[in-house]
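Single-structure report; data block below.
Excluded from the calculations below are hydrogen atoms, water molecules and symmetry mates; all remaining heavy atoms, backbone and side chain alike, are included. We're numbering straight along the sequence, starting at 1.
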Amino acid sequence: MSFKKIICALCCAALCVTSCIACSPTVSPDRGRPNNPSSSGNIGGDIPDNNDVDIPEIDTAAHNFALIAQSNGVFTYKCSHCNKQETVTITCESGTQNAYAVDGNTITFETVTEKSAYNISGSLHGNIVIDAGDCKFELSMSGFSVSSDTDCPVTIESGDKVTLSAKKSTQNYIFDLREEAGESDISPAVYAKCDLDIQGKGSLFVKSVNNNGIHTKKDLNVKNLALQVDCKDNALKGNDGVAIESGSVVLIARTGDGIKTTNSDVSQKGNQRGNITITGGDILIYAACDGIAAAHDVQINQDAADVTLQIFTDKYSKYSEQVSAVSQNVARQGPLFFGPNGGGMGGPTGGGMGGPNGGQNDGNTDKGDHSTKGITAANAVTIAAGNITVSAYDDGIHADNDGTLESGASPLGNVTVSGGSLTLRSNDDAIHADNNIVISGGSINVVGSHEGIEGKRVTISGGDVSVNSSEDGINGTAKSGTAITISGGKLYIYAGGDGVDSNSTTQYEGIVFSGGTSVIISLGQADSSIDTERGYKYTGGYVIGIGKSGGMSSESKNCQNFGSVGSSATLSLQKDGYLSVAGVATIKMPSSFNALVVCLGKTNASISSATSTSYSLDKNGVYWN
């Protein structure tokens, strides 16, 4: 936020008025969604949810199954209420034979002395316990269903690594029908104290009516299978790490996070804990809180399989339920806290309204006391590939640098995008980093936001970036040095506030244009297409800045040696008409207004308006000569 905006806020507060001439449009009372400036056309849009998720029905009738017969690994149960009979078949495929015991409705795999694999099929009203000691153990399911209203359906007490797999072409179900677990109870439907792999060529559906989905105290890895988790709280949680390599994954967290880690220390082997890594798969996340929340890093990069990731949070998720402060406390494994600058309550990964970059600057006044970001990390977010769609009620992508990690290191607070295709919709910042944002490749399309891209320092050296925002398009918050660098790529901004805004007070260094092609449109009455505290520098590339004439728009000409690097003109532009900068670009106008147009890269440019063009325009309505 620049100095002039702080003055405007104080002015409004002092005069007890609802607006002043220097104030940019903020948010509407309608669920905090950005309010379009009058006569501005459409700034921002929603991301439609066209997914059709099939949720299996659950048998919630009261049953009382008891073991009535067993023979050669086949166990028969009968319900005294409905007289229904069900069987469970257990087969040892390799390793230790007969390494299990059946005690009523509980099947325990134990006394494992070597790497072993078992298969289970049928239907069980009870629970499974795996206690494999120091051995690797795999339990494959082939047409298996387990449901429990008294105990955790699947508990893994020990194992070097345990694998739950779904056999090819089979459908398998784990139902947790218990009431909400107490603080000392096991809360997930699947719980492991060791590393856990979920895989296979079949499908697995996990439903937890009142509790968590799949949780391990160590690492959780998912690959190949079709996995669907529908739960009350967190869907996938690995305290040390979560990795998705491939498969089709649907996660529904009705009051919690989609994917989550909690530890940020370093293991005895020197491995950093707390990372969430996605290298393949088709992933759909509905979360009342954060879609992806990492205690350390989020890393998205295609490996052997393509990555498709869709995230809908809070009110953009059609499955969200009311989240209370108490339930969010439990979900985050720690207390909510107040931000150091007097903001409201925020979670340990930058939730809520607290933190050094929160509080008054939040664009969404409708946010609750819990974090509802699309992708958030306590250290860094790195995206190198994938087709990613985020519709978030808080920041779309967020990286913190608050406090100290459990490893003792200071968090980076960086967001890096070097590839992939990102479509983002946020009621706050589409991309926010407490420290650096670096964009060197890929495609970023911010279809709607409060502020589009905000970081201490923002660098764009490549890629195709398009930003629609109700406030600033790009905001660099560093108070000194260069806060924003545009050295390459293609940039389009359509902003209700400043187009590109630097808070640096270093003369002619706040913003540096050294390459690429940029179209920057600002609609704020007291804003500018290029806004700095003490000017900016131009050394290369083409930049066309378009802002409302009068007010503060002349800041767009506050460039070192402007007369030797650029041109300007004042003219009336019409919605759906065309702005022509001869020899540089033609732009279809999304709004009507009297404009100050600045062109950097050509000192004698002819700047005019037209009602038609013969050029083929890109998705933003721009043709570059």
For residues Ser529 and Gly547, report the shortest heavy-atom separation together with the two atoms involved. CB-N, 4.4 Å
Could you tell me which non-hydrogen atom of Ala478 sits nearest to which non-hydrogen atom of Arg457, and how far apart they are? CB-NH1, 3.5 Å
Measure the shortest side-chain to side-chain distance between Thr459 and Ile437 over non-hydrogen atoms and say whether it is less than 4.5 angstrom. no
Treating Ser518 as the side-chain partner and Val543 as the backbone partner, does any N or O pair qualify as donor plus acceptor under 3.5 Å? no
Testing the 3.5 Å rule here: is there a donor-acceptor pair between the side chains of Ser572 and Gln574? yes
Does the pair Val519 and Ile493 meet the rule for a side-chain contact (heavy atoms from CB on, under 4.5 Å), with working shown? CA-CA 6 Å; Val519 171; Ile493 292 175; over 6 Å; no
Check whether any side-chain heavy atom of Val500 sits under 4.5 Å from a side-chain heavy atom of Ile511, and report yes or no. yes
Between the side chains of His432 and Glu454, is a donor N or O closer than 3.5 angstrom to an acceptor N or O? yes
Would you check if Val381 and Asp297 make a side-chain contact, meaning some heavy-atom pair closer than 4.5 Å? no
For the atom pair CD1 (Ile520) and OG (Ser556), what is the distance rounded to the nearest 0.5 Å? 9.5 Å
Applying side-chain contact (heavy atoms from CB on, under 4.5 Å) to Ser440 and Ser418, what does each step give before you reach the verdict? CA-CA 5 Å; Ser440 61; Ser418 60; 3.5 Å; yes
Ser487 and Ser461: side-chain contact (heavy atoms from CB on, under 4.5 Å), yes or no, with the steps? CA-CA 5 Å; Ser487 62; Ser461 61; 3.3 Å; yes
Separation of His370 NE2 from Thr313 OG1 (nearest 0.5 Å): 9.0 Å
Is it true that the side chains of Gln310 and Asn51 contain a donor and an acceptor less than 3.5 Å apart? yes
With no hydrogens and no angle check, is any side-chain donor or acceptor of Ser592 less than 3.5 Å from a backbone partner on Lys575? yes
Side-chain contact, heavy-atom cut-off 4.5 Å: Val53 with Leu284? yes
Can you label the angle between the Tyr286 ring and the Tyr319 ring as parallel, tilted or perpendicular, going by 30° and 60°? perpendicular
Of Val242, Ile292, Val298, the residue whose pairing with Ile278 passes side-chain contact (heavy atoms from CB on, under 4.5 Å): Ile292
Under a 3.5 Å distance rule, please check whether Thr376 uses its side chain to pair with a backbone N or O of Lys373 as donor and acceptor. no
Indicate yes or no for a side-chain donor-acceptor contact from Asn435 to the backbone of Asn414 under 3.5 Å, with no hydrogens or angles considered. no
Could you check whether any side-chain N or O of Asp472 sits under 3.5 Å from a backbone N or O of Asp498, counting only pairs where one atom can act as donor and the other as acceptor? yes
With rounding to the nearest 0.5 Å, note down the distance linking CD in Glu555 to OG1 in Thr532. 6.5 Å
Which atom names give the shortest non-hydrogen contact between Glu533 and Asn503, and what distance separates them? CG-O, 3.6 Å
Without swapping roles, check the side chain of Ser567 against the backbone of Thr603 for a donor-acceptor pair under 3.5 Å. yes
Check whether any side-chain heavy atom of Val622 sits under 4.5 Å from a side-chain heavy atom of Leu617, and report yes or no. no
Quick one: closest heavy-atom pair of Val581 and Ala605, and the distance? CG1-CB, 3.9 Å
To the nearest 0.5 Å, how far apart are CG in Leu573 and CE in Met589? 4.5 Å
Is any side-chain heavy atom of Ser514 closer than 4.5 Å to a side-chain heavy atom of Ile486? no
Classify the side-chain pair Asp314/Ser320 by whether it contains a donor and acceptor separated by less than 3.5 Å. no
Checking side chain to side chain donor-acceptor pair (under 3.5 Å) for the pair Ser246/Asn224: CA distance, chi angles, key distance, verdict? CA-CA 5 Å; Ser246 56; Asn224 293 334; 3.0 Å; yes
In terms of ring plane angle, is the pair Tyr393 and Tyr316 parallel, tilted or perpendicular, where the classes change at 30° and 60°? perpendicular
Judged by atom type as modelled, is there a donor-acceptor pair below 3.5 Å linking the side chain of Gln272 to the main-chain atoms of Ser264? yes
Spell out, as yes or no, whether a donor-acceptor pair under 3.5 Å connects the side chain of Ser449 to the backbone of Asn468. yes
Using side-chain heavy atoms (C-beta onward) and a distance below 4.5 Å, is Ile444 in contact with Ile431? yes
Are Asp290 and Lys260 ion-paired here, with the side-chain N under 4.0 Å from a carboxylate O? no
Test side chain to side chain donor-acceptor pair (under 3.5 Å) on Asn620 and Ser466; report intermediate values, then the result. CA-CA 8 Å; Asn620 293 313; Ser466 174; 3.1 Å; yes
Looking at Thr261 and Ala295, would you say the former's side chain and the latter's main chain have a donor-acceptor pair under 3.5 Å? yes
Mind checking whether Val584 and Cys599 have side chains closer than 4.5 Å, heavy atoms only? yes
Taking all non-hydrogen atoms of both residues, which atom of Gly258 and which atom of Ile285 are closest, and how far apart? CA-CG2, 3.8 Å
Applying the side-chain contact (heavy atoms from CB on, under 4.5 Å) test to Ile283, which of Ile311, Val249, Leu227, Val222 qualifies? Val249
Can you tell me how far NZ of Lys537 sits from CD of Gln507, rounded to the nearest 0.5 angstrom? 11.0 Å
Tell me which pairs pass ring-ring contact (aromatic ring centres under 6.0 Å, His included) where either residue lies in residues 502-556, with sequence neighbours left out. Phe513-Tyr536
Residues passing the salt bridge (charged side-chain N to carboxylate O under 4.0 Å, His left out) test with Asp49, sequence neighbours excluded, are Lys318
Output every pair passing salt bridge (Lys or Arg N to Asp or Glu O under 4.0 Å) with a member in residues 594-605, not counting sequence neighbours, ordered by first then second residue. none
Test side-chain contact (heavy atoms from CB on, under 4.5 Å) applied to Ile47 and Thr423, step by step: CA-CA 8 Å; Ile47 296 175; Thr423 303; 3.9 Å; yes
Could you grab the distance from atom CG of Leu596 to atom OG of Ser554, nearest 0.5 Å is fine? 7.5 Å
So which atom in Asp501 and which in Ile484 form the shortest heavy-atom distance, rounded to 0.1 Å? O-CD1, 3.4 Å
With distance as the sole test, does Asp527 use its side chain to make a donor-acceptor pair with the main-chain N or O of Ser522 at under 3.5 Å? no
